[in-house]
Amino acid sequence: MNTLVLTGSGITIADISAVARKDVIVTVTSDVLARLTRARAVLDAAAASGQHIYGLNTGLGANLRTTVADETGQFQQQLVRGRGAGVGPVLPRDETRAVIAARLSMLAVGGSGLSPDVFADLLALINHKVHPLVPSIGSIGAGDLVLLSAIAQTLIGEGQAEYDGAVLTSAEALSKAGLRPSTLGPKDGLSLLNASAVSVGKGALALSDATTLLEWQRQAAALSFEGLGGNPLILHPAIQQARPAAGQVLEAERLLARLEGSSLHEARAAIQDPLSLRCVASIHGALAHALDAAREAVEIELNAAADNPLVLVDENRVLSTGNFHTPFLALAFETLGLAIAQTALASAARFIQLTGSGRNGLPRYLSPVGGASAGFVPLQKTVSALVGAIRHKTNPVLLDFLPVSEGVEDHATQTLLAVAKCADMLDLWRHLVACEMMAGAQAVDLRAGHRCGRRTQQTHDLVRSVAGPLIEDRPLGPDVSCLTARLQDIGA
């Protein structure tokens, strides 16, 4: 895909990832432009009739009852500047692009009343690769206004932006890119800010990465089956159909497909393996289900008019809404974080089984020399540390908020924090998957006469392309780091 065409519907997390990480060009249909023009006309007519419209002729938040006369758009510039209260490290380049792409997708639905010229300026910003420096802290989940103000500031030639690898003033960046600062009309500033685009853009990338990582986790688990001499009968379709919990049937099918051709099917296996192996289809199924739910939540936002106030073009009127509020999105990522954690802990448990005192004929610590050899056992400490870090990230934040704006905003969802801590788990989990793969490959090498399935052999070969078998004690940390980087590179 070289171009993403916005139509006001049908945008996916894969689309956002392509714009963010592959610099795909974003365009819009003529229908979108016509919709934006109609929405702006409805908004202007409502204002001309004397209707009080939040953020157009009134102040924001606790200033709701303050009347604003803003013929020139000066209040919108003031609004943008006044919300620039974000702090902390700036978002990486790909996340910034994802945020802009997400906001463009939402605006293309046509409910904001944003001036078509300002929409075109935002479109030019991403296509000319001018990337505002967006701080990472400042959203409580009731819209991402404070953070999105950084993008609006760049549009009007204020603040800072990255262009061609250099951090410049926004005015300089726009000039070098051949662009001019936007001129904001009534409500344009609020239309740029009042959305969950930071949460949604960052969430889209996290889901893209998590989906890829789950596939690596499947491969690691299948290799552990080979290394531990697991009983593949536990994956029999009739067993899964007897209790078809979320995702379980499909995950068992996937694991069986990976074990096709393995000598496990011919061996005298244990009646019951450890739960981390025996229940892997249920564990992975729960995660796949949580991923689907989070994907649905993100894609609803990407294709929705979540503006306040909302321009209802077909009804020819403007109404205040609470559509910017995202409890379902926050809850989806809280749940996804828990599902990732329980999957990662199962991976860690299999690693401990593989590297312990010797199960199913494996040598102690997966050391071929025995004696005082430490083998893989020191890596158990690293695995335990990774588990601890992941466990810490699962602590819920959905309920951690304070009433602000004189009690006008007395409920929040901490959606961005829920998304961010979920995203932070992924590299920790990726390291755990690398540890499990390395242990599984070592166990296969030590299992005399064992034949891997074709696809598990491919996983084994991937490990061996990065790290050779352990013959005598050596530092394993660098091998884990190299394999982790390889998994990330291949998945990118």
Side-chain angles (χ1 to χ4, degrees), residues 13 206-228 230-260 262 264 272-296 332-354 383 386-387 390-391 393-394 422 425-437 439-440 452-453 455-456 458-460 462 484 487 490-491:
I13 63 168
L207 289 174
S208 178
D209 291 341
T211 300
T212 299
L213 194 42
L214 175 54
E215 178 54 31
W216 288 125
Q217 180 66 88
R218 292 175 183 125
Q219 294 188 35
L223 194 59
S224 289
F225 256 96
E226 303 277 22
L228 285 167
N231 185 351
L233 283 175
I234 196 65
L235 302 171
H236 191 277
I239 295 176
Q240 316 311 317
Q241 292 290 353
R243 200 287 305 263
Q248 178 177 329
V249 174
L250 182 56
E251 291 302 319
E253 288 177 1
R254 285 173 167 148
L255 280 167
L256 266 180
R258 292 208 158 272
L259 296 173
E260 185 179 355
S262 169
L264 290 178
Q272 291 200 142
D273 291 310
L275 294 181
S276 61
L277 202 65
R278 189 174 8 139
C279 301
V280 67
S282 300
I283 295 167
H284 288 186
L287 174 53
H289 182 71
L291 269 169
D292 286 342
R295 183 180 298 107
E296 179 185 18
F333 275 91
E334 293 280 34
T335 302
L336 178 58
L338 288 167
I340 288 172
Q342 58 93 33
T343 300
L345 264 64
S347 176
R350 291 189 295 271
F351 177 87
I352 299 299
Q353 293 286 350
L354 284 160
V383 165
L386 289 166
V387 164
I390 288 173
R391 174 65 184 86
K393 296 289 183 185
T394 63
C422 187
M425 290 183 198
L426 299 182
D427 193 53
L428 300 166
W429 178 25
R430 191 178 290 109
H431 278 80
L432 275 178
V433 170
C435 288
E436 182 180 0
M437 281 186 173
C452 281
R455 296 177 69 185
T456 43
Q458 290 173 346
T459 306
H460 175 277
L462 170 64
T484 301
L487 297 181
I490 295 174

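Computed from a predicted structure; not experimentally measured. Throughout, residue positions are numbered sequentially from 1 according to the sequence presented.
- Counting only distance, with no hydrogens or angles, the side chain of Trp429 and the backbone of Leu213 share no donor-acceptor pair below 3.5 Å.
- Remark: side-chain polar atoms of Glu226 are not paired, donor with acceptor, to backbone N or O of Ser262 under 3.5 angstrom.
- With sequence neighbours excluded, the residues forming a side chain to side chain contact (heavy atoms under 4.5 Å, CB included) with Ala245 are Arg243, Gln248, listed by chain and number.
- Listed by chain and number, the residues in a side chain to side chain contact (heavy atoms under 4.5 Å, CB included) with Pro274 are Ser276, Gln353, Arg359 (sequence neighbours excluded).
- Listed by chain and residue number, nothing satisfies the side chain to side chain contact (heavy atoms under 4.5 Å, CB included) test with Ala293 (two or more places apart in sequence, or in another chain).
- Here the OG1 atom belonging to Thr211 is positioned 10.5 Å from the CD atom belonging to Glu215, to the nearest 0.5 angstrom.
- The backbone N or O of Ala344 lies less than 3.5 Å from no partner atom in the side chain of Gln217, so there is not a single donor-acceptor pair.
- When the side chain to side chain contact (heavy atoms under 4.5 Å, CB included) test is applied to Ser208, the partners found at least two apart in sequence or on another chain are Ser17, Arg21.
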request  = Would you please test Glu253 and Val249 for side chain to side chain contact (heavy atoms under 4.5 Å, CB included) and show each step?
outcome  = CA-CA 6 Å; Glu253 288 177 1; Val249 174; 3.8 Å; yes
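- Using a 4.5 Å heavy-atom threshold, the side chains of Glu260 and Arg455 count as separate.
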ask   = Passes side chain to side chain contact (heavy atoms under 4.5 Å, CB included), Leu287 versus Leu336? Steps please.
value = CA-CA 7 Å; Leu287 174 53; Leu336 178 58; 3.7 Å; yes
ask   = Going through the checks in order, is the side chain to side chain contact (heavy atoms under 4.5 Å, CB included) test met by Leu462 and Gln458?
value = CA-CA 6 Å; Leu462 170 64; Gln458 290 173 346; over 6 Å; no
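- Without hydrogens or angle criteria, Arg278 side chain to Asp273 main chain gives a donor-acceptor distance under 3.5 Å.
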task = Determine, stepwise, if the pair Thr456 / Phe225 fulfils side chain to side chain contact (heavy atoms under 4.5 Å, CB included).
result = CA-CA 9 Å; Thr456 43; Phe225 256 96; over 6 Å; no
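- Glu251 is linked by a salt bridge (Lys or Arg N to Asp or Glu O under 4.0 Å) to Arg218, Arg254, counting only residues two or more places apart in sequence or in another chain.
- Pairs passing the salt bridge (charged side-chain N to carboxylate O under 4.0 Å, His left out) check and including a residue from residues 345-354, sequence neighbours excluded, read Arg350-Glu436.
- Separation of atoms CD1 (Ile340) and CG (Leu345) is listed at 12.5 Å; rounding is to 0.5 Å.
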